[in-house]
Amino acid sequence: MPTPEPSTATAEPIATTAAPETEAAARPHTLRWWLRFAGEFLRSPEGHAAFLGFWGSLMITLGGLGAGAVRRNDPLLESAHLSWLRFGHGYTLATIVVWLGVLSMIVAWVRLGRITIGLGGGVRLISGLRNGTDPDSPVTLNELRAIVGIWIFPLLFAVPMFSQDVYSYLAQGALLRDGFDPYKVGPVANPGVLLDNVSPVWTTTTAPYGPIFLLLGKWITTITGDNVVAGTWAMRLVMLPGLALMMWAVPHLTKHLGGKPTVALWLAVLNPLVLIHLIGGVHNEMLMVGLMAAGIALVLERHHVAGIVVVAIGVAIKATAGVALPFLVWIWMIHERERRAAKNEGPLPHPIWTFAKIGGLGVSVFAVVFVAASAAAGVGIGWLTALSGSKKIINWLSLPTIMAHIVTWFTPWALEPVLFWTRSICAVALVLALAWTWWRFKLTERQAVLGILIAFVAIVVLSPAALPWYYSWPLALAAGFAMSTMTLMVLVGLCTWLMLVFEPGGAIGLYNFWYVAAATFAAVVAALSLRTVDPLRLRAGSGKPTGSISPPR
């Protein structure tokens with residue numbers, strides 16, 4: 001993922017005049033008012049994009065009944081006489097519907113992006129209604145948040161999409177429910193309906209997740225039993241607080257990082273890669289990223305202890321969130337220095353003593369939260385050793401795998417031994433990169449958050465395995481920075497490509513040349529479309545830039 005670029009142009013100040021408050025505006029909103037408001041919204045460019053995205057989401061949900069990660073034996077589909085969607089022409093039709101839905105959401109997202117960054121001529125809300133075209137007043141934060149709800153609503157009822165991980169989550173929660181230690185045994189130790197749907201790769205793998213997430217899985221399976229459908233819906237609902245935290249935190253990050261709140265929310269939350277994978281695919285990254293972003297935002301707002309508590313809870317969901325903690329110590333030290341300067345208390349004590357004091361406080365807060373979480377779940381820290389389970393994943397999204405495949409092309413060596421060495425080399429490089437990044441980016445708040453971003457990118461690229469939704473980690477932070485339109489175009493292209501390289505049922509499409517070629521073509525078109533309407537010039541008079549491409553502020 002590209003690092004944020006400094007803005008190269010300064011937008012002209014926009015003079016806005018607040019609409020006079022009228023007696024009508026002060027009255028309670030009536031049904032007629034809401035109907036008129038909805039009509040105005042649906043006729044606006046952002047309303048068109050919202051409806052197209054909703055339609056795409058609905059198509060994904062419907063097509064997913066046949067092409068998604070459905071259960072091996074699904075009595076629900078059979079009782080509804082829809083089992084034909086899983087085979088032959090029915091499966092082909094379902095797959096086409098899913099991909100049309102995905103492409104619709106991507107088109108809607110790009111169109112909304114043009115409006116949000118000021119290239120698409122949005123309209124503004126005045127006295128509670130929309131009127132007048134005003135390119136300098138793009139869509140508002142509340143409108144974007146409403147569109148998030150519109151887009152995810154159909155996905156709440158979808159089968160798991162593009163991944164079978166939720167079945168592993170339920171099986172691991174059932175282990176804890178039934179008295180097993182998920183850090184010592186895999187789902188295979190607890191046969192049943194939940195085990196039947198776990199991917200064979202993970203049946204013998206111990207849980208790599210934190211104690212709070214296992215506790216959530218235990219509570220869900222205690223309530224839903226072995227009902228896979230109810231468990232999947234419950235697990236998806238549990239992810240929604242993470243989405244809400246992201247919608248709050250990402251705009252707040254821009255206050256300290258220089259970005260634009262609406263652009264940040266559009267890029268990091270409304271992104272189809274995030275909504276389809278994390279909500280439709282039911283991944284615990286939704287909770288982890290939301291907690292991590294909220295914790296960082298709290299620390300930036302000088303609520304240091306609260307922020308570290310929230311990040312610690314994120315670590316108790318998935319360990320990756322812990323990458324942010326060492327950088328938060330730098331931010332706390334910066335704030336302490338500023339506080340002493342403001343109160344004329346003199347310079348800080350020796351940096352080593354200050355670091356030891358603040359770092360010790362941070363570690364203590366983290367330890368208390370984590371010990372409490374582990375005690376509540378009744379487990380230890382065995383999940384640390386289970387993190388190596390990702391080595392079972394081999395795909396072209398990680399640098400060690402790319403290196404290993406290239407070596408096998410030019411040598412007689414087999415993939416497995418080469419992969420061991422490339423992963424070992426990249427593991428050493430990752431440790432060095434993390435250490436260097438932590439030491440290098442410590443002078444300002446912006447540097448510290450940029451350091452977290454770079455650390456996440458290094459982990460995604462250099463780890464033994466990577467999956468498309470892993471890119472939601474750095475994306476949540478990258479969105480807070482001011483970026484040029486060209487950088488946004490690159491990110492749109494990357495997110496689109498990552499969204500398209502996995503199949504709806506969770507299979508990897510990276511080993512099919514034509515599949516990857518089609519994904520790459522669509523990604524390039526999506527990137528160009530952020531700046532240019534109809535870059536392929538399929539319509540007469542199109543293909544022209546929609547406006548200035550100076551960096552959005």
Under 3.5 Å, which donor-acceptor pairs do the side chains of residues 92-99 form with other protein atoms, sequence neighbours left out?
| unit_1 | atom_1 | unit_2 | atom_2 | d |
| --- | --- | --- | --- | --- |
| Thr92 | OG1 | Gly88 | O | 3.3 |
| Thr95 | OG1 | Tyr91 | O | 2.8 |

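- Taking 4.5 Å as the limit, some side-chain heavy atom of Met499 sits within range of a side-chain heavy atom of Phe162.
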Full working for side-chain contact (heavy atoms from CB on, under 4.5 Å) between Tyr209 and Asn284: CA-CA 9 Å; Tyr209 308 117; Asn284 57 12; 3.1 Å; yes
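- A cation-pi arrangement, defined by a distance under 6.0 Å to the six-membered ring centre and an angle within 45 degrees of its axis, is present between Lys442 and Trp439.
- For the residue pair Thr408/Trp413, the side-chain donor-acceptor check at 3.5 Å is not satisfied.
- Panel note: side chain Arg114, backbone Ser529; a donor-acceptor pair is recorded below 3.5 Å.
- Between the Thr205 side chain and the Val201 main chain, a donor and an acceptor come within less than 3.5 Å of each other.
- Using a distance-only test at 3.5 Å, with no hydrogens or angles considered, a donor-acceptor pair links the side chain of Ser44 to the main chain of Gly47.
- A donor-acceptor pair under 3.5 Å links the side-chain atoms of Ser398 to the main chain of Pro464, judged by distance alone.
- One distance of note links CG of Leu112 with OG1 of Thr116; it measures 4.0 Å at 0.5 Å rounding.
- Taking the six-membered ring for Trp, His405 and Trp409 have ring centres at least 6.0 Å apart.
- Listed here is the closest heavy atom pair of Thr140 and Thr262: C-CG2, 4.0 Å.
- Put simply, the side chain of Tyr470 never gets that close to the backbone of Val461: no donor and acceptor are under 3.5 Å apart.
- Expressed to the nearest 0.5 Å, how far CH2 of Trp332 lies from NE2 of His335 amounts to 11.5 Å.
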- Task: Report the C-alpha distance between Thr444 and Gln447 in whole Å, list the side-chain angles of each, state the deciding distance to 0.1 Å, and finish with yes or no for side chain to side chain donor-acceptor pair (under 3.5 Å).
- Result: CA-CA 5 Å; Thr444 65; Gln447 277 196 9; 4.6 Å; no
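- No side-chain heavy atom of Tyr515 sits under 4.5 Å from any side-chain heavy atom of Leu500.
- The shortest side-chain heavy-atom distance between Met239 and Glu285 does not fall under the 4.5 Å cut-off.
- When side chains are defined from C-beta on, Val311 does not count as touching Leu291, because their heavy atoms never get closer than 4.5 Å.
- Scanning all heavy atoms of the two residues, the minimum distance from Glu503 to Ile508 falls at OE2-O, 4.3 Å.
- In plain terms, the two heavy atoms of Thr437 and Phe327 that are nearest each other are O-CE2, 3.7 Å.
- Using a 4.0 Å cut-off between a side-chain N of Lys or Arg and a carboxylate O of Asp or Glu, Glu445 and Lys255 do not qualify as a salt bridge.
- Side chains of Val70 and Leu65 form no contact here, defined as non-hydrogen atoms less than 4.5 Å apart.
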Practice prompt. Begin with the C-alpha distance, continue with both residues' side-chain angles, and end with the deciding distance and a verdict on side-chain contact (heavy atoms from CB on, under 4.5 Å) for Phe213 and Met288.
Written response: CA-CA 10 Å; Phe213 188 71; Met288 184 273 286; over 6 Å; no
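- In this structure, Tyr167 and Pro160 have side chains that are in contact, with non-hydrogen atoms separated by less than 4.5 Å.
- The shortest distance between side-chain heavy atoms of Arg531 and Met486 falls below 4.5 Å.
- Proximity of a side-chain donor or acceptor of Ser104 to a complementary backbone N or O of Leu100 within less than 3.5 Å is detected.
- One distance of note links CD1 of Ile406 with OG1 of Thr422; it measures 10.5 Å at 0.5 Å rounding.
- Within the model, atoms CE of Met483 and CD1 of Ile117 stand 10.5 Å from one another, a figure rounded to the nearest 0.5 Å.
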Pairs of donor and acceptor atoms involving the side chains of residues 265-283, under 3.5 Å and at least two apart or interchain, shall be tabulated with distances.
| unit_1 | atom_1 | unit_2 | atom_2 | d |
| --- | --- | --- | --- | --- |
| Trp266 | NE1 | Trp109 | O | 2.7 |
| Asn271 | OD1 | Leu273 | N | 3.0 |
| Asn271 | ND2 | Leu267 | O | 3.1 |
| His283 | NE2 | Ser163 | OG | 3.4 |

- Query: Would Thr401 and Trp396 count as a side chain to side chain donor-acceptor pair (under 3.5 Å) if you check the C-alpha gap in whole Å, the side-chain angles of each, and the deciding distance to 0.1 Å?
  - Reply: CA-CA 6 Å; Thr401 302; Trp396 283 78; over 6 Å; no
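- When every heavy atom of Val159 is checked against every heavy atom of Arg236, the shortest pair comes out as O-NH2, 3.6 Å.
- Using a 30° and 60° split on the angle between ring planes, Trp55 and Phe51 fall in the parallel class, below 30°.
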Residues 144-156 side chain polar contacts: donor-acceptor under 3.5 Å, at least two apart:
| unit_1 | atom_1 | unit_2 | atom_2 | d |
| --- | --- | --- | --- | --- |
| Arg145 | NH1 | Asn142 | OD1 | 3.3 |
| Arg145 | NH2 | Met247 | O | 3.3 |
| Trp151 | NE1 | Ala50 | O | 2.9 |

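- Between the CD1 atom in Ile393 and the CG atom in Leu467 there is a gap of 4.5 Å [rounded to 0.5 Å].
- Annotation for Val299 and Gly307: closest pair CG2-CA, 3.8 Å, computed over non-hydrogen atoms.
- Two rings, from Tyr471 and Phe456, have their centers 6.0 Å or more apart.
- Here the shortest heavy-atom pairing between His256 and Leu300 reads CE1-O, 3.1 Å.
- Distance alone, capped at 3.5 Å, places no donor-acceptor pair between the Trp202 side chain and the Ser168 backbone.
- How far CG of Leu62 is from CG of Leu58: 4.5 Å, rounded to the nearest 0.5 Å.
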- Check the pair Phe481, Thr254 against side-chain contact (heavy atoms from CB on, under 4.5 Å), reporting the backbone distance first and the verdict last. CA-CA 6 Å; Phe481 291 86; Thr254 61; over 6 Å; no
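- The closest donor-acceptor contact from the side chain of Ser463 to the backbone of Val460 lies at 3.5 Å or more, if one exists at all.
- In this structure, Thr61 contributes its side chain and Ser57 its backbone to a donor-acceptor pair below 3.5 Å.
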Practice prompt. Applying side-chain contact (heavy atoms from CB on, under 4.5 Å), run through Glu338 and Ile334 and close with a yes or a no.
Written response: CA-CA 6 Å; Glu338 293 173 350; Ile334 293 167; 3.6 Å; yes
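- Taking the side chain as every heavy atom from C-beta outward, Met403 and Cys426 approach each other to under 4.5 Å.
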